[in-house]
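First up is the structure itself, then whatever we jot down about it.
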Amino acid sequence: MIATTAERVSGNTHPDINAWIWHQTEEHMREVAAAGREAIERRLTELDEEWDVELYVETLAPSFTLLGLTLGLTRDRRWLLLPFLVQTFFLQHALQGWCPPIPVLRRLGIRTTQEIEHERCCLKHHLATLGGSEPCLKS
């Protein structure tokens, strides 16, 4: 029932979506590597600021919970159902790595920490061996 941390989101994402995200990452790495040292360094800075799927979920859950509480206290008590549902899904995400926003976020190309780190490691390796082969690709 409880999914391993490293594989919980990708394991609950359709394989075609995972493959599409990897393909997009690999293509972008090739473009950045071909653009040279400055482009790689700029991309590494961008990666430091990129939000992973967990951060999106951790931001969406309390936002919708607060919205439901606010509307429930000021408009109609039925809005109090929203925080209950959101927190139920948030618990499900913590235990299983899946909740309703995950498929939407993944289809938008939001990556996991591991996917972001893979790109970072490959670009750092390419930077260290600048002039060598392409950045490493998913094996």
Flag side-chain contact, heavy atom, 4.5 Å: [X] against [Y]:
X    : Y   : result
W98  : Q92 : yes
V57  : V9  : no
P101 : F89 : no

Any residue meeting salt bridge (charged side-chain N to carboxylate O under 4.0 Å, His left out) with [X], in chain and number order, not counting sequence neighbours:
X    : value
E31  : none
R78  : D76
R120 : D48, E117
E38  : none

Is [Y] reachable from [X] through a run of hydrophobic residues whose side-chain heavy atoms are each under 4.5 Å from the next?
X    : Y   : result
L71  : L60 : yes
L108 : L47 : no
I116 : I40 : yes
I102 : I21 : no
I110 : W20 : no

Give me each pair satisfying ring pair (Phe, Tyr, Trp, His ring centres under 6.0 Å) with a member in residues 38-81, each pair once, sequence neighbours excluded. W51-Y56
Under the side-chain hydrogen bond (donor to acceptor under 3.5 Å, both in side chains) rule, collect the residues that match up with [X], sequence neighbours excluded.
X    : result
T113 : D52
R37  : none
D16  : none
E41  : none

Rounded at 0.5 Å granularity, tell me how far [atom1] in [X] sits from [atom2] in [Y].
X    : Y    : atom1 : atom2 : result
R75  : L80  : CZ    : CG    : 13.5 Å
N18  : T112 : CG    : OG1   : 8.0 Å
H28  : R43  : NE2   : CZ    : 4.5 Å
C121 : L44  : SG    : CG    : 10.0 Å
T65  : L69  : OG1   : CG    : 6.5 Å

By the salt bridge (charged side-chain N to carboxylate O under 4.0 Å, His left out) test, which pairs, at least two apart or in different chains, include something from [range]?
range           : answer
residues 91-105 : none
residues 87-107 : R106-E115
residues 54-73  : R8-E54

Nearest heavy-atom approach of P62 to T59 is CD-O, 3.5 Å
Over all atoms of both residues, closest heavy-atom pair of A61 and Q87: O-NE2, 4.1 Å
Apply the side-chain hydrogen bond (donor to acceptor under 3.5 Å, both in side chains) test between T25 and each candidate in R111, E119, H118; give the one that qualifies. R111
